[in-house]
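This report concerns only the one structure given below.
Hydrogens, waters and symmetry mates play no part in the numbers below; they use all other heavy atoms, side chains included. As the structure is a computational prediction, the values presented were derived from the model and not from experiment.
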Amino acid sequence: MMLSKKTCQVFFTVVLCLMGYGCVEPFDAKTEIFESALVIDATITNELKQQEILLSRSFPFEEDGPSPELNANVKIVEDNGTE
């Protein structure tokens with residue numbers, strides 16, 4: 001029995017997809033040692049507009065996501081001391 005080239009390609013594509021799908025096993029990641037760090041997300045430009053700076057804390061894998069850092073005082077200081 002002779003299979004066409006197109007049939008062989010489809011067969012091997014399906015087999016490869018199933019092999020890739022079957023190789024993934026979920027696992028629970030646990031953070032053994034965790035140190036909180038301040039995360040600064042900003043792009044500061046010389047444009048005359050309100051600049052946006054987002055502050056948060058790093059978080060372990062077990063938590064849902066970062067929480068914003070509240071009541072922070074942020075200032076930009078130039079080389080000449082200008083704020």
Taking side chain as C-beta onward, heavy atoms only, is [X] less than 4.5 Å from [Y]?
X	Y	result
E69	S56	no
T43	T45	yes
I53	I44	yes

Where F59 and P66 come nearest, the two heavy atoms and their spacing: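 Of all heavy-atom pairs spanning F59 and P66, the closest is CE2-CD, 3.3 Å.
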Closest contact, heavy atoms only, S36 versus R57: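 Looking at all heavy atoms of both residues, the shortest contact is OG-CD, 3.2 Å.
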Heavy atoms of other groups near L70 CG, more than 12 under 6.0 Å: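 Count over threshold, so yes.
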N80 CG: over 12 foreign heavy atoms closer than 6.0 Å: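 Check passes, neighbour count above 12.
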Indicate every side-chain donor-acceptor pair of residues 71-78 with a distance under 3.5 Å to a residue at least two apart or in another chain.
none

